2 protein chains.
Amino acid sequence: MDQAQARSWLATAVEEARTGLAEGGIPIGAALYGPDGTLLGRGHNRRVQDGDPTMHAETAAFRSAGRQRSYRGTTMVTTLSPCWYCCGLVRQFGISRVVIGEATTFRGGHDWLARHGVEIVLLDDPESIELMRGFVIERPELWREDIGDRDG
Amino acid sequence: MDQAQARSWLATAVEEARTGLAEGGIPIGAALYGPDGTLLGRGHNRRVQDGDPTMHAETAAFRSAGRQRSYRGTTMVTTLSPCWYCCGLVRQFGISRVVIGEATTFRGGHDWLARHGVEIVLLDDPESIELMRGFVIERPELWREDIGDRDG
């Protein structure tokens, strides 16, 4: 896909991440775009805000889009490489493409998605990296909790 | 694990599935048990009831357990073989074991979980099968929507 378009969509996810940070939460944001570029849903991690461990940024955006008959042609945009939970969501529901802000601070399962036919657009976005880097340094325990890191 | 224990835990998930059916929802239930056998959370699919496509039975049970520091030694019990979304949840958070009521009406990604070290206990529970079979016959479109079956 067009890089300018990917970066423009990523801005929505970054805005969500910043909102999450301002709320005292984990700064990861996401958005789901339809095949025609319509914004279907957007959200951010809500573990801290709602005490809800199922609300990763991607699942929050997916939930915000409500019930959809098909996800064919949709794009999940996320500030951070998706964990296995969110990769499973993408694969199960047949989301066609994932735009990722960064995979430097955490590398999830996006190679697995690529092997299963999902188009992956990996950006190297300084804002996404800065948001996560600051958070991981300041709140390492919270971050490990969010990804179920038992050895942390 | 002990089969009698697995069947006793499955009864909680079946009860959840029956509650979901009575509410007009998709009859899949789940429960999360701690290493010591404590019931940590339970829930059922809530797509119809809440218009929330993220609430599969397993994610509903996981959410109901609230924030946990570790899932080591926990068991996810579900009436139906978990889809990729729910398998991703199990793998990401390090849930140790999955007890499955049946994999006859739908076979999800539990072999993948087994390959990644999760203990899989596959029962062949007549109640779980009967609940799903009736539902899939009566509401095929709703079922396909719930698993993102685009070709349905």
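Chain A is the first sequence line, chain B the second, and so forth, proteins listed ahead of strands; every chain is numbered from 1. What you see below is based on every heavy atom in this structure, not just the backbone, and it leaves out hydrogens, waters and symmetry mates. All values reported here derive from a predicted model rather than from experimental measurement.
Interface remark: of the candidates A:Ser64, A:Gly51, A:Ala60, A:Gly51 forms the most heavy-atom pairs closer than 4.5 Å to chain B.
Cluster annotation: A:Trp9 is connected to A:Val14 through the hydrophobic network of ILVMFWY side chains, with a link wherever side-chain heavy atoms come within less than 4.5 Å. Under the 4.5 Å side-chain contact rule for hydrophobic residues, B:Ile28 and B:Ile100 do not share a cluster. Cluster membership for B:Ile120 and B:Val77, using ILVMFWY side-chain heavy atoms within less than 4.5 angstrom, is not shared. Hydrophobic clustering, with ILVMFWY side chains joined whenever heavy atoms are under 4.5 angstrom apart, groups A:Val48 together with A:Val136. One hydrophobic cluster, built from ILVMFWY side chains closer than 4.5 Å, cannot hold both A:Leu122 and A:Met132; they sit in different ones.
More than 12 heavy atoms of other shown residues, nucleotides or ligands fall within 6.0 angstrom of atom CZ in A:Arg7.
Here CG of B:Asp149 is found 9.0 Å from CD of A:Gln92. Values are rounded to the nearest 0.5 Å.
Between A:Thr54 and B:Thr59, the shortest heavy-atom distance links the atoms CG2-O, 3.4 Å. The shortest non-hydrogen separation linking B:Gly66 to A:Pro53 is O-CG, 3.5 Å. When all heavy atoms of A:Arg67 and B:Glu145 are compared, the closest pair comes out as NE-OE2, 2.7 Å.
The aromatic rings of B:Trp112 and A:Trp84 stand perpendicular to each other, their planes meeting at an angle above 60°, with 30° marking the opposite boundary. The aromatic rings of B:Tyr85 and A:Phe62 sit tilted, their planes meeting at an angle between 30° and 60°.
Contact annotation for A:Cys83: both backbone and side-chain heavy atoms come within less than 4.5 Å of a heavy atom of chain B. Heavy atoms closer than 4.5 Å to chain B are found nowhere in A:Asp50, neither backbone nor side chain.
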